[in-house]
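Quick notes on the structure that follows.
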Amino acid sequence: MLDLNWLNTFVTLARLEHFGKTATELHMTQPNVSLHIKQLEQTTRVKLIERNPFRLTQAGERLLNSAQNTLMELQVCQADLNAINDLCQGTLTIAASDIISRLLLISPFQSFKKEFPGIDLSLLNTTSSQAAELVKSAKADLGFVMAQKESQPLHFTELQQVKWCALGDGLQAWQQGLVSANLEEPTLILLGHDTRTRDLLDLALPTLNLPNYRVMEVGSVDAQIDWAEAGFGVAIVPEFSLHPKLNLKTTVTPLPQFPTTSLGYIVRQNQVLSRAIKQLLNWVSEEIVRAQNVK
């Protein structure tokens, strides 16, 4: 009989390809990692890894596929059992991007902590693509994402249509080519390429009809807003990100030609939702309505 702890160690080692890093991630000693692999090889009676250089044997590749599926299925099952038992203690893990978590989740999280004090809310700050992978593998119970397409094994529910705007002065003159030739090329302040938001914007940027520009990449929407407010360029941001900002100094230009996208949440298809998750989703929906009413 294969021990689940051995399998988890094996899967982690196959991913990291390093005994020391595996020990650190699993909070084990390196000799214990080696022992788990030895016990696994003795039980299966096949060699699973080559050490120098590290690689999986053909038998190791076969076991890895089954081990990954088994561990993920057990994690999914445990999440559903928690929901069926109406989890009132333990951890609820949410995956969301920085902009979504700060603008939409703080108040709902405060309400959640009051209503469900026995449940520890864990927030994973990720991109939308990473959030989808975390929910698929049951490492997150719920994900809040932008521009998610309905796909197995995830179910997406839209909460809001996202529109775009430009924050910064001089956009119209820039589009008309009226910027002085003696000045530096105008700057677009955008999120980095590792975000789904940037993927969407790159497709829409030609509609701005900008004759020339350079790009300044930053790591968050808040940083985009701060740099635009400081006069370093024009930031392209979701409209809802400006709702809580007071006394903006620079010009806000709606971009109706940019395609709208969806903001919503993802769960696994056929996932059992606990009362706690359903209540959290209600609070998030209420928060979105409040944000829309302060336009």
Side-chain angles (χ1 to χ4, degrees), residues 1-82 87 89-98 100-102 119-145 153-154 191-196 198-199 217-220 223 266 268:
M1 191 71 178
L2 300 184
D3 186 285
L4 290 177
N5 289 322
W6 303 347
L7 290 176
N8 187 51
T9 301
F10 173 67
V11 169
T12 306
L13 178 61
R15 173 167 54 84
L16 297 177
E17 299 184 350
H18 192 280
F19 281 80
K21 292 179 181 178
T22 300
T24 299
E25 180 163 318
L26 297 178
H27 307 290
M28 299 168 60
T29 64
Q30 191 166 327
N32 275 341
V33 172
S34 296
L35 179 60
H36 279 193
I37 301 304
K38 180 179 179 180
Q39 290 169 320
L40 196 54
E41 289 184 326
Q42 287 176 341
T43 303
T44 58
R45 293 180 292 184
V46 291
K47 189 175 181 65
L48 299 172
I49 65 168
E50 300 286 355
R51 292 177 179 251
N52 293 307
F54 182 94
R55 69 176 183 86
L56 296 182
T57 64
Q58 183 178 2
E61 294 282 2
R62 177 64 184 85
L63 178 62
L64 178 63
N65 182 58
S66 292
Q68 288 173 323
N69 291 336
T70 297
L71 293 173
M72 187 174 74
E73 184 59 31
L74 286 173
Q75 196 163 5
V76 169
C77 180
Q78 184 62 62
D80 285 342
L81 291 176
N82 289 341
L87 178 68
Q89 289 186 333
T91 300
L92 178 61
T93 302
I94 310 296
S97 68
D98 179 69
I100 294 174
S101 61
R102 285 185 300 101
I119 301 178
D120 180 27
L121 268 179
S122 177
L123 177 64
L124 302 177
N125 194 335
T126 68
T127 66
S128 291
S129 297
Q130 291 167 340
E133 292 303 315
L134 290 166
V135 174
K136 282 181 185 178
S137 63
K139 293 178 181 177
D141 302 288
L142 180 67
F144 290 93
V145 299
L154 298 177
L191 290 178
H193 276 99
D194 60 339
T195 64
R196 186 171 288 165
R198 179 61 182 277
D199 292 340
E217 291 190 353
V218 296
S220 70
I266 49 172
R268 297 180 304 281

Testing the basics here: between [X] and [Y], what is the closest heavy-atom pair and its distance to 0.1 Å?
X	Y	result
Met28	Val33	CE-N, 3.8 Å
Asn125	Ser97	OD1-C, 3.8 Å
Val145	Ala131	CG1-CB, 3.8 Å
Ala67	Leu7	CB-CD2, 4.0 Å
Leu64	Ala14	CD1-CB, 3.8 Å
Ser101	Asp98	OG-O, 2.9 Å

Task: Parallel, tilted or perpendicular: rings of His36 and Trp6 (30°, 60°) - done: tilted
At what distance, to the nearest 0.5 angstrom, does [atom1] of [X] lie from [atom2] of [Y]?
X	Y	atom1	atom2	result
Leu13	His18	CG	NE2	10.0 Å
Ile94	Thr126	CD1	OG1	11.0 Å
Ile37	Thr22	CD1	OG1	8.0 Å
Ile266	Leu154	CD1	CG	5.0 Å
Ile49	Glu17	CD1	CD	10.5 Å

- [ ] For side-chain contact (heavy atoms from CB on, under 4.5 Å), just list the numbers for Lys139 and Thr93, CA-CA rounded to whole Å, side-chain angles, deciding distance to a tenth of an Å, and then say yes or no.
- [x] CA-CA 7 Å; Lys139 293 178 181 177; Thr93 302; over 6 Å; no
Check whether [X] reaches the backbone of [Y] with its side chain - one donor and one acceptor, N or O, closer than 3.5 Å.
X	Y	value
Arg198	Leu191	yes
Thr57	Lys47	yes
Ser122	Leu92	no
Asn69	Asn65	yes

Open item on the list: Tell me which one of Leu63, Thr9, Val46 satisfies side-chain contact (heavy atoms from CB on, under 4.5 Å) with Leu40.
Closed with: Leu63
TODO: Show your reasoning for whether side-chain contact (heavy atoms from CB on, under 4.5 Å) applies to Asn32 and Leu35.
DONE: CA-CA 5 Å; Asn32 275 341; Leu35 179 60; 4.3 Å; yes
Taking C-beta and beyond as the side chain, do [X] and [Y] meet within less than 4.5 Å on heavy atoms?
X	Y	answer
Leu142	Val135	no
Leu56	Phe10	yes
Gln39	Asp3	no

Task: Intermediate values then yes/no, salt bridge (charged side-chain N to carboxylate O under 4.0 Å, His left out), Lys38 and Glu41 - done: CA-CA 5 Å; Lys38 180 179 179 180; Glu41 289 184 326; over 6 Å; no
TODO: Flag yes if more than 12 heavy atoms outside Arg15 fall under 6.0 Å of its CZ atom; otherwise flag no.
DONE: yes
Task: Exceeds 12 heavy-atom contacts within 6.0 angstrom, atom CD of Gln42 - done: yes
